[in-house]
Amino acid sequence: MVLRAVWFAGLAGVACNHATPAGRAPSPRDPVLAAADDRAAFVAADAKLDRVTGTTARIGNRVELLIDGTTSFARRLANARDADVILVKTFAFTDDETGRAVADLLIERAKAGAYVVVQYDAIGSIHDPGDVGPMLANGNEKPIISRLRAAGIDVQATNAPAGKVELDQIAGGLTRTVLHPFEHLGIVLDRTHRLEFHDHEKYWITGHHGQVTAIIGGMNIGSEYAFGGADRVDAVTGARGWHDVDVEVAGPVVNDVVARYFAVLDTHRGTQADHARWNPPQPPAGDARVRFVFNHPRFHNTHAIDEMYATLVDATPPTGVVRIETAYFAPSDQLRDRLHAALRRGTRLAVISNLETNDTAPVAEATWFVYHALLDVDSSAALYQRVARPDLGEVMIHCKVASFGTRGPVVIGSANLDAQSGEHNSEAVLVIEDPSLRVKFDAMFDQDLGADRATRVTRGMLEHDSTWTRFRQWAVFNLGKSWL
């Protein structure tokens with residue numbers, strides 16, 4: 001995320017310095033699909049998921065995997081064009097080609113009489129220092145957001161900057177390319193109390209005469225997300241696309257998603273409104289079984305997603321495989337312990353994350369530390385770093401996805417495996433049991449493991465790290481893990 005470097009400046013101002021390793025032939029323990037049907041193992045874990053997440057799996061849903069922004073944004077815009085209700089929630093709403101196109105469509109629908117609501121995180125929407133001047137001249141709000149309000153759209157900002165001083169601090173942090181370990185420490189300390197109130201959930205919910213559909217995943221409103229999968233450059237910001245994943249869902253679980261949307265809206269407003277007319281009971285739409293899980297410090301269930309991951313890792317049987325593709329990989333102590341235990345009992349692990357492609361150096365350093373530890377447990381663990389492919393609209397990955405076992409569930413949502421998602425942010429994921437989606441997910445993951453998109457991190461490669469490098473990675477992870 002754009003602002004993490006400011007908040008974590010007191011922890012590290014370092015860059016990754018690992019050379020890209022040469023590829024090697026897969027070993028027998030690499031994450032290839034086994035023939036065994038292991039669904040029973042996950043059925044047995046279902047009651048625990050009910051308990052640790054406080055949620056219920058819903059049957060009768062239709063799901064569709066939306067790989068990269070070129071697919072997801074085409075579907076978002078198509079769903080919204082004739083919708084009578086549009087509910088948008090995003091961490092970032094960027095004033096770029098994509099943001100302006102989305103704003104134009106939302107304004108058009110609002111003027112046509114649709115009920116349109118936009119929730120966004122104001123700090124998360126500061127894309128670069130150039131956003132600050134217009135905000136100062138516009139009552140601390142981005143002009144693109146004011147356009148939405150002026151058109152009659154119901155807008156709710158969270159984490160709004162307190163004023164000029166805070167905006168100037170943010171701008172100053174964003175303009176620095178190299179940060180001394182103690183530089184801006186005062187800003188970091190001053191900002192930490194706000195970290196737990198970031199809204200990081202992403203929903204695109206549309207209703208057509210009572211039939212409601214939701215798109216959920218990792219994508220914000222901006223060209224980094226919309227241009228994923230295409231060789232495009234944003235004419236306003238110069239941004240290129242990132243690899244990301246959403247899922248479209250229809251059916252009974254959508255009622256849980258919409259209820260959550262309005263619960264967060266009411267929390268920020270300090271009100272308790274009746275939103276029932278916008279959340280009519282949804283009939284069965286397909287055969288997928290889907291569970292909606294969310295985190296939110298204000299709702300006192302901060303660890304629900306972490307508990308869900310730990311439960312599913314535990315349920316994955318020996319010789320099965322846990323597959324994770326996530327932008328930021330610095331998992332909690334609990335989840336690291338569960339991954340280590342899984343490796344020791346023979347469960348296989350494949351992880352794809354940003355290292356040299358990471359936009360936040362401290363998180364990359366922490367990921368190197370976690371990779372070291374996993375390879376110490378099992379040197380055959382399949383750990384990969386993403387290769388930048390701007391020609392494919394994949395400068396980095398922004399996915400937050402996972403799968404478990406051979407026939408187990410797929411997880412798709414907004415939550416990274418780091419402390420920001422696990423401890424501080426509001427986050428949401430779907431746990432999806434659907435054979436057709438699972439086949440498509442596995443095909444995507446296999447493609448993402450290809451030598452043109454990822455390189456294997458081996459224990460032999462890491463043994464060349466200096467003592468200082470290992471200490472630095474240990475220090476960044478262990479001193480900063482509560483905020484990474």
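When reading the values below, keep in mind they use all heavy atoms of this one structure, side chains included, and skip hydrogens, waters and symmetry mates. Position 1 is the first residue of the sequence; numbering continues from there.
With respect to the salt-bridge test (charged N to carboxylate O, under 4.0 angstrom), the residues R149 and E141 qualify. Using a cutoff of 4.0 Å between basic side-chain nitrogens and carboxylate oxygens, R62 and D434 are not scored as salt-bridged. Between D256 and R291, no side-chain nitrogen of the basic residue sits less than 4.0 Å from a carboxylate oxygen of the acidic one, so the salt-bridge criterion is not met. Salt-bridge check for D84 with R109: failed, with every basic side-chain N at 4.0 Å or more from each acidic carboxylate O. The residues R100 and D95 are annotated as salt-bridged, a charged nitrogen and a carboxylate oxygen being separated by less than 4.0 angstrom. Using a 4.0 Å cut-off between charged nitrogen and carboxylate oxygen, E433 and R438 do not count as a salt-bridge pair. Ion pair E97/R232 flagged as a salt bridge, since at least one NZ, NE, NH1 or NH2 atom sits closer than 4.0 Å to an Asp/Glu carboxylate oxygen. Salt bridge absent: D446 and R453 never bring a charged side-chain N and a carboxylate O closer than 4.0 Å. Remark: E64 engages R75 in a salt bridge, criterion side-chain N to carboxylate O under 4.0 Å. With salt bridges taken as basic N to acidic carboxylate O contacts below 4.0 Å, none links E325 and K400.
Under the 30°/60° scheme for interplanar angles, the aromatic rings of F292 and F294 are found to be tilted. Classification of the H268-H296 ring pair by plane angle, with boundaries at 30° and 60°, yields tilted. Using the six-membered ring where Trp is involved, F262 and H275 have ring planes that are parallel, under 30° apart on the 30 and 60° scheme.
Here the closest non-hydrogen pair linking G99 and I221 is CA-CG2, 4.0 Å. Nearest heavy-atom pair, L374 versus F329, reported as atom, atom and distance to 0.1 Å: CD1-CE2, 4.1 Å. Nearest heavy-atom pair, P252 versus P284, reported as atom, atom and distance to 0.1 Å: CD-CA, 4.1 Å.
A donor and an acceptor atom, one from each side chain of E307 and Y309, are nowhere located under 3.5 Å apart. Donor-acceptor pairing under 3.5 Å is recorded for the side chains of D199 and S426. Side chains of D82 and H208: a donor on one and an acceptor on the other come within 3.5 Å. In summary, the side chains of H424 and N295 do not present any donor paired with an acceptor at a separation below 3.5 Å, with no hydrogens or angles considered.
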Test log, rule salt bridge (charged side-chain N to carboxylate O under 4.0 Å, His left out), inputs R386 and E394: CA-CA 9 Å; R386 187 67 178 189; E394 298 182 1; 2.2 Å; yes
Steps toward side-chain contact (heavy atoms from CB on, under 4.5 Å) verdict (T326, V401): CA-CA 6 Å; T326 184; V401 299; over 6 Å; no
CA sep, side-chain torsions, deciding dist, call: K202, D246, salt bridge (charged side-chain N to carboxylate O under 4.0 Å, His left out): CA-CA 9 Å; K202 292 100 172 175; D246 283 343; over 6 Å; no
Side chain to side chain donor-acceptor pair (under 3.5 Å) evaluation trace for S146 with N138: CA-CA 8 Å; S146 295; N138 193 54; 2.7 Å; yes
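Interatomic distance, CH2 of W204 versus CD of E248, reported as 12.5 Å (0.5 Å rounding).
Residues F369 and F477 place their aromatic rings such that the two centres sit under 6.0 Å apart.
Panel note: side chain D68, backbone D244; a donor-acceptor pair is recorded below 3.5 Å. No side-chain donor-acceptor contact under 3.5 Å links N425 to the backbone of G422. One N or O on the side chain of N255 and one on the backbone of Q282 form a donor-acceptor pair closer than 3.5 Å. Not a single donor-acceptor pair under 3.5 Å links the side chain of D154 to the backbone N or O of V117.
Counting heavy atoms of neighbouring residues, nucleotides and ligands inside a 6.0 Å radius, atom CG of D287 does not exceed 12 of them.
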